[in-house]
Amino acid sequence: MDYENIIVEIHDNVGLIRLNRPNALNALNEKLMREMVQAMQMFDDDPTIGAIVLTGSQKAFAAGADIKEMEQATTVEMLYNDRISLWDKIRAVSVPVIAAVSGVALGGGCELAMSCDMIVASHTTRFGQPEINLGVMPGAGGTQRLTRAVGKAIAMEMILNNRWLSADEAYQFGLVNRVVNAEIYLDEALRLAGEIAARAPVAIRLAKESVNAAYEMTLTEGLRFERRNFYFLFSTQDQKEGMNAFVNKREAKWQGK
Ligand code: CAA
């Protein structure tokens, strides 16, 4: 598959997608988003891929939605085109997606990182939602995901007054999983993704789905959802294998069945 705005690689069981518009700090134009979603779906459909890493460059994960593409847009065009609905497809990916983030993660870039399941950040990363400076506000999940991740006080300050977070602050506030040196952030994300990709595939998918359900459901509904998924896993060979391996003190061999 030929892509213009991304580079796609496979590292063992991990699919790697690199955003690649260096001259625009990986600003998320429609073409890039379509290519990125297509690559994610391709990896999700590939049974040999157990996790996806999404990254940019050391300088920029992504500087946000493409402002030049949106500058002249009208409300009606925005509504008809509804390009943010494309983002729902990221949410539908069933394998874990890990963002490897460095440099700027601003606006849609911050929202894209938050759309992933985990974030590994380099110590140079800056997270921000600067849309207020453009006379707009976050439109791809920023007001919702940031508030859930860092709490109302910090989210308000970031969204209403363009406060940026350093990588260490983002870690303190629970936005990212870990902060490492800029030289190794991608290797670290690939290592983490590789570990997850080596685990029981059906259980990984249902566990991801269940954690995400916590965003959508009441506690009672969420607990019921979790319990059903838990019981469902007893129909898999991997459950028999995993528990038998424990009992017999050997290492489990997962089949994804
Ligand atoms: N859209 C389009 N082009 C962008 C861009 C964006 N979001 N961000 C950077 N670029 C382009 C610049 O226009 C510039 O291109 P030219 O060389 O052709 O002029 C190139 O990338 C390099 O950028 P700078 O010269 O500005 O680089 P810098 O190092 O001086 O500054 C920066 C870096 C602070 C990130 C600055 O580029 C910036 O503020 N970018 C915009 C950030 C922003 O406002 N993001 C929110 C977008 S709206 C959004 O995301 C809505 C949503 O919720 C979905």
Side-chain angles (χ1 to χ4, degrees), residues 3-7 17-38 40 54-93 97 99-116 119 121-150 152 154-167 169-170 175-176 182 185 215:
Y3 296 109
E4 259 175 54
N5 301 284
I6 61 169
I7 298 168
I17 302 172
R18 298 176 188 264
L19 308 180
N20 187 36
R21 289 188 74 205
N23 295 335
L25 301 179
N26 291 330
L28 307 167
N29 66 8
E30 189 173 353
K31 187 94 199 289
L32 179 148
M33 287 300 298
R34 287 198 184 282
E35 290 182 354
M36 189 200 73
V37 165
Q38 196 181 353
M40 277 188 185
L54 177 66
T55 196
S57 67
Q58 225 183 79
K59 190 172 165 199
F61 177 67
D66 192 314
I67 300 167
K68 293 168 188 168
E69 200 177 56
M70 292 183 297
E71 185 193 353
Q72 300 297 334
T74 65
T75 298
V76 172
E77 282 161 9
M78 292 300 278
L79 274 171
Y80 278 7
N81 183 288
D82 194 17
R83 66 176 59 131
I84 295 173
S85 63
L86 197 58
W87 292 60
D88 295 340
K89 296 189 175 158
I90 303 171
R91 214 161 57 127
V93 172
V97 183
V101 180
S102 183
V104 286
L106 298 175
C110 184
E111 292 168 307
L112 183 58
M114 291 191 293
S115 301
C116 298
I119 303 177
S122 94
H123 69 275
T124 66
T125 313
R126 297 288 180 274
F127 293 92
Q129 297 286 164
E131 289 91 341
I132 202 71
N133 288 352
L134 303 168
V136 291
M137 56 177 273
T143 62
Q144 304 303 299
R145 290 204 173 92
L146 193 60
T147 307
R148 283 168 162 87
V150 304
K152 178 178 162 183
I154 302 295
M156 283 288 189
E157 210 179 333
M158 290 176 72
I159 292 167
L160 271 50
N161 204 29
N162 192 25
R163 171 170 171 191
W164 291 13
L165 297 185
S166 68
E169 285 174 319
L175 183 62
V176 308
Y185 76 100
Y215 275 106

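Indexing begins at 1, ligand by ligand and atom by atom, following the structure's order.
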Option set [options], criterion heavy-atom distance to [atom], minimum:
| atom | options | value |
| --- | --- | --- |
| atom 42 (C) of ligand 1 | Pro138, Ala63, Gly108, Ala27 | Ala63 |
| atom 11 (C) of ligand 1 | Gly142, Ala24, Gly64 | Ala24 |
| atom 49 (C) of ligand 1 | Ala65, Ala62, Pro22, Cys110 | Ala65 |
| atom 44 (O) of ligand 1 | Ala60, Gly103, Pro130 | Pro130 |

Which ligand 1 atoms does [X] reach within 4.0 Å, using its non-hydrogen atoms?
| X | answer |
| --- | --- |
| Leu134 | 44 (O), 47 (C), 48 (S) |
| Leu106 | 35 (C) |
| Glu111 | 52 (C), 53 (O), 54 (C) |

Do any non-hydrogen protein atoms sit less than 4.0 Å from [atom]?
| atom | result |
| --- | --- |
| atom 30 (O) of ligand 1 | no |
| atom 13 (O) of ligand 1 | yes |
| atom 39 (O) of ligand 1 | no |
| atom 36 (C) of ligand 1 | no |

Heavy atom of the protein closest to [atom] (residue, atom name, distance):
| atom | result |
| --- | --- |
| atom 17 (O) of ligand 1 | Asn23 O, 4.4 Å |
| atom 23 (O) of ligand 1 | Leu25 CD1, 3.6 Å |
| atom 15 (O) of ligand 1 | Lys68 NZ, 3.3 Å |

State whether the shortest distance between N or O atoms of [X] and N or O atoms of ligand 1 falls below 3.5 angstrom.
| X | result |
| --- | --- |
| Lys59 | no |
| Gly107 | no |
| Ile67 | yes |
| Gly139 | yes |

Is Arg34 salt-bridged to Glu4, going by a charged N under 4.0 Å from an acidic O? no
**OP:** Could you tell me whether the side chains of Thr124 and Ser102 share a donor-acceptor contact shorter than 3.5 Å?
**Re:** yes
>> Surrounding CE of Met156 (heavy atoms of other residues, nucleotides or ligands, distance under 6.0 Å), is the total greater than 12?
In response: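 No, not enclosed.
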dist Gln144:CD -> Met114:CE (nearest 0.5 Å) comes out at 10.0 Å
